[in-house]
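Okay, so here's the structure we're looking at.
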Amino acid sequence: MAPIDPHSFTDSTHSLTTHISLTFYFDFPSSTISSATLLSFSTPYTGPLTLDTRSLSVSSVLDPLSLSPLPFSLSPTDPILGQSLNISISKQTHQILILSKTSPSSSALQWLSPTQTFNKNHPFLYTHCQPIHARSIFPCQDTPVARVKYTAKLNIPRELSAVMAARHVERRDPIPSEAQGVCEDSVWCGDDRVVEEFVMEQPIPPYLFAFAIGELGFREVGPRTRVYAEAVPELLDAAATEFAGTEEIVMVGERLFGPYEWERFDLLVLPPSFPLGGMENPRLVFLTPTVIKGDASGSQVVAHELAHGWTGNLITNKNNEHFWLNEGFTTYAERRIVEAMQGEDIASLNIGIGWMGLVKDIERFKDNMEFTKLKTNQAGVDPDDVYSVVPYEKGFQFLQRIERQIGRPAFDDFLKKYIGTFKFQSIDTDMFLNFLKANVPGIENEIDLKLWTEGTGIPPDAMEPVSNLYSKIVSLANEFKLGRIPREDEVADWKGQEWELYLENLPKSVEASQVRALDALYHLSESKNYEVKVAFLQLAISARCRDYYGVVERTLKEVGRILYLRPLYTALVQGDTKEEDRGFARRVFSEACDSYHPIAQAVVEATLAKNV
């Protein structure tokens with residue numbers, strides 16, 4: 001076996017899938033999907049074929065023309081990779097058909113009961129496949145190397161609707177004989193069922209496969225943007241207001257990086273359990289409702305996910321060991337968009353918040369500095385366990401270092417050439433470095449490229465941001481150590497990012513009385529901006545200020561975003577924390593975990609296991 005990805009069973013000597021036709025029957029009472037997966041290869045193939053699966057029951061593998069069975073077996077379960085589906089193809093074929101069924105515990109799926117939704121009337125289902133969870137929905141070569149186009153037929157209850165990170169073809173009645181063996185025709189064509197059909201005509205890595213099903217509505221906010229959410233008028237209106245400027249963001253991105261290749265840039269606001277801020281699924285970005293802050297500042301998350309339309313979706317890391325190629329580039333591109341729209345001071349604030357996050361995560365990995373590198377070794381490592389801001393912020397710092405060396409105009413030309421050269425491809429760090437050296441001759445003599453990509457920690461030529469606003473906020477945070485809280489006139493113009501940077505720069509050891517005094521003046525524990533609220537609550541926990549533990553509990557139970565869960569649970573259980581706090585953390589998690597996405601559940605479980 002010659003693996004091409006430490007997180008996939010895919011063998012480099014086997015043919016790669018180029019197209020997948022998917023037929024899904026969704027059974028909400030059992031929280032399962034019955035699937036027919038038709039894999040197509042670019043050229044006829046014969047021999048062994050190894051696919052990735054996790055928590056799937058595979059009933060048969062067939063030649064799609066003759067429907068004759070093909071021999072197959074499932075390996076023992078690997079705790080990180082799942083099971084390999086090993087198929088023997090004895091005569092040349094372009095396609096194979098696999099019938100399978102998901103488990104209710106599928107790591108990519110969250111099935112929400114009606115009581116977990118806004119309207120409380122209907123269930124809701126959504127996916128999250130990054131980095132290696134597509135395999136828990138259907139068998140595939142679950143590696144970014146295997147970019148695929150696909151079609152999908154989703155058979156769902158008639159009272160619901162579906163959206164997908166693909167072009168919508170039609171909503172129609174089911175047709176007899178199209179079930180492909182996932183269920184009986186009488187079940188497929190039930191009066192209470194409807195089919196939603198989609199097509200993805202551009203090759204994507206499997207982790208960008210995404211759909212959601214529920215009682216959905218939408219608002220038009222631009223010529224290529226709809227905002228979808230649960231069909232609650234107040235929620236839809238708030239989302240439409242928050243993201244009203246989306247088309248301007250897309251246009252700025254196009255001026256900086258070239259044409260947007262994905263036609264649509266729709267947004268889906270998911271229920272509060274969504275584990276991320278946003279997910280860059282092509283044509284349909286998934287967003288947490290916590291980005292709706294009422295002041296349009298949620299557009300920054302939109303800018304990040306849009307930037308993935310060039311860096312991440314268009315050019316993709318070959319595997320998770322080179323994740324910085326997705327996120328470092330996208331963080332750089334996001335900040336260029338923010339700078340163009342909001343000015344250098346706001347961009348510097350973003351860089352400053354990122355810098356603090358980088359310093360914090362370098363400290364988090366002090367016992368395993370491998371994961372402070374850009375180019376990492378992740379063999380035997382669950383990529384969800386080592387997720388951090390390092391690929392984002394150290395990657396950003398590396399690209400900014402190159403920009404400082406050659407100048408912005410030259411770097412802009414380089415960036416456009418890079419995008420044009422590698423679009424719709426999956427690449428690794430060495431491919432990028434070779435392209436860099438070929439197009440910027442002598443750059444390796446000016447910048448230590450190996451230190452930046454393979455060295456640990458923060459390189460000495462990384463640069464903390466410099467701006468008057470940034471310096472003022474850091475200075476005020478330093479004065480807090482002396483007991484001085486900012487005056488109201490000093491913070492009158494502050495929004496969420498200013499407060500977030502201030503709180504991140506406060507000393508980690510403060511008195512409970514200081515925490516109460518700060519909140520009495522500025523009501524940070526009541527902020528609608530969760531970045532501000534969570535940063536303040538971390539401060540309160542570190543001061544053992546139990547006045548706020550009720551707010552901590554409510555926060556942990558009302559949102560499922562890992563960005564908030566990990567630091568709050570960690571603050572409760574790490575270091576010399578009292579057993580009372582550890583017990584509090586365990587109780588809250590036991591009561592809240594069913595509302596978390598499976599990926600978020602695993603992150604919190606690992607946090608508690610490490611510290612409790």
Side-chain angles (χ1 to χ4, degrees), residues 144 147 165 202-205 208 222-225 243 245-267 278-285 299-318 322-344 346-348 350-351 354 374 391-393 395-427 429 431-433 435-436 438-440 443:
R147 300 181 73 105
Q202 295 152 306
I204 62 162
L208 291 177
R224 42 189 160 180
T225 303
F243 306 124
T246 298
E247 178 61 19
E248 184 184 357
I249 300 173
V250 178
M251 292 171 66
V252 170
E254 288 187 313
R255 286 201 299 271
L256 290 169
F257 312 118
Y260 177 73
E261 300 268 3
W262 302 93
E263 185 184 12
R264 298 287 303 177
F265 185 65
D266 293 329
L267 310 172
M279 180 61 207
E280 65 268 20
N281 304 308
R283 300 179 64 101
L284 182 66
V285 164
S299 61
Q300 183 171 323
V301 174
V302 171
H304 183 89
E305 306 311 334
L306 169 71
H308 271 298
W310 291 275
T311 56
N313 297 3
L314 204 58
I315 306 173
T316 308
N317 51 232
K318 188 172 281 189
H322 308 275
F323 189 46
W324 81 272
L325 289 169
N326 279 20
E327 296 298 351
F329 270 91
T330 297
T331 301
Y332 175 86
E334 167 209 330
R335 287 173 181 158
R336 289 292 303 278
I337 293 171
V338 168
E339 180 185 313
M341 296 186 69
Q342 300 182 48
E344 290 185 11
I346 298 301
S348 290
N350 295 344
I351 296 168
L374 291 182
Y392 296 72
E393 298 298 341
F396 164 79
Q397 287 284 339
F398 180 34
L399 297 175
Q400 191 182 55
R401 174 68 184 90
I402 298 170
E403 182 201 277
R404 287 201 306 272
Q405 186 64 42
I406 66 176
R408 177 166 285 186
F411 189 69
D412 283 353
D413 291 342
F414 167 81
L415 201 54
K416 287 178 180 176
K417 186 174 182 181
Y418 167 73
I419 292 168
T421 300
F422 292 110
K423 67 179 183 179
F424 296 113
Q425 296 181 49
S426 298
I427 70 170
T429 301
M431 292 172 69
F432 167 73
L433 292 178
F435 183 80
L436 174 66
N439 286 274
V440 187
I443 190 69

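Values reported hereafter were calculated over all heavy atoms of this structure, with side chains retained and with hydrogens, waters and symmetry mates removed. Numbering of residues begins at 1 and proceeds along the displayed sequence.
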Output the distance between atom CG (Leu325) and atom OG1 (Thr330), rounded to the nearest 0.5 Å. 10.0 Å
Minimal heavy-atom distance between Ala340 and Val252, with the atoms involved, is CB-CG1, 3.8 Å
Closest heavy-atom contact between Trp262 and Pro282? CE3-CB, 3.6 Å
Thr429 vs Leu374, side-chain contact (heavy atoms from CB on, under 4.5 Å): CA-CA, chis, key distance, verdict: CA-CA 9 Å; Thr429 301; Leu374 291 182; over 6 Å; no
Derivation and outcome, side-chain contact (heavy atoms from CB on, under 4.5 Å), residues His304 and Glu327: CA-CA 9 Å; His304 183 89; Glu327 296 298 351; 3.1 Å; yes
One should read off an interatomic distance between Gln202 CD and Leu208 CG, to the nearest 0.5 angstrom, of 11.5 Å
Taking all heavy atoms of Pro144 and all of Thr316, pick out the closest pair and write down the distance. CB-CG2, 3.9 Å
So, taking the atom named CD1 in Ile351 and the one named CD in Glu393, what distance separates them when rounded to the nearest 0.5 Å? 8.5 Å
Compare all side-chain heavy atoms of Leu314 with those of Ile419 and state whether any distance is below 4.5 angstrom. yes
With side-chain contact (heavy atoms from CB on, under 4.5 Å) as the criterion, how do Arg335 and Gln400 come out once you've worked through the C-alpha distance, each side chain's angles and the decisive distance to 0.1 Å? CA-CA 11 Å; Arg335 287 173 181 158; Gln400 191 182 55; over 6 Å; no
Output for pair (Ile402 CD1, Phe414 CZ), nearest 0.5 Å, gives 6.5 Å
Is it true that atom CD of Glu344 has more than 12 heavy atoms of other residues, nucleotides or ligands lying nearer than 6.0 Å? no
Nearest heavy-atom pair of Ala307 and Ala333: which atoms, and what distance? CB-CB, 3.7 Å
Sequence neighbours excluded, the answer for side-chain hydrogen bond (donor to acceptor under 3.5 Å, both in side chains) partners of Arg264 is Asp266
Salt-bridged, Arg255 to Glu248, with N to O below 4.0 Å? no
Can you name the closest pair of heavy atoms from Val440 and Ile406 and give their distance? CG1-CG2, 3.6 Å
Heavy-atom pair with the smallest gap, counting every atom of Leu306 and Ile337: CD2-CD1, 4.2 Å
Verify whether the ring centers belonging to Phe422 and Phe432 lie closer than 6.0 Å. no
I want to check something: taking the side chain as every heavy atom from C-beta on, are His322 and Met431 in contact at a cut-off of under 4.5 Å? no
Does a side-chain heavy-atom distance below 4.5 Å link Thr421 with Tyr418? no
All side-chain hydrogen bond (donor to acceptor under 3.5 Å, both in side chains) counterparts of Glu254, not counting sequence neighbours: Arg224
Side-chain donor-acceptor contact under 3.5 Å, His308 with Glu334: no
Would you find a donor on one side and an acceptor on the other, under 3.5 Å apart, between the side chain of Thr331 and the backbone of Phe396? no
Would you kindly say whether Arg401 and Gln397 are connected by a side-chain donor-acceptor distance under 3.5 Å? no
Derivation and outcome, side-chain contact (heavy atoms from CB on, under 4.5 Å), residues Met251 and Glu247: CA-CA 6 Å; Met251 292 171 66; Glu247 178 61 19; 3.6 Å; yes
Rounded to the nearest 0.5 Å, what separates atom CD in Gln342 from atom CG in Asn350? 7.5 Å
Neighbour count >12 (heavy atoms, 6.0 Å) for atom NZ, Lys417: no
Could you grab the distance from atom CH2 of Trp310 to atom CD of Glu261, nearest 0.5 Å is fine? 9.5 Å
From the options Tyr332, Phe329, Trp324, select the one residue that forms a ring pair (Phe, Tyr, Trp, His ring centres under 6.0 Å) with Phe398. Trp324
Is Asn313 close to Ile204 at the side-chain level, that is, under 4.5 Å between some pair of heavy atoms? no
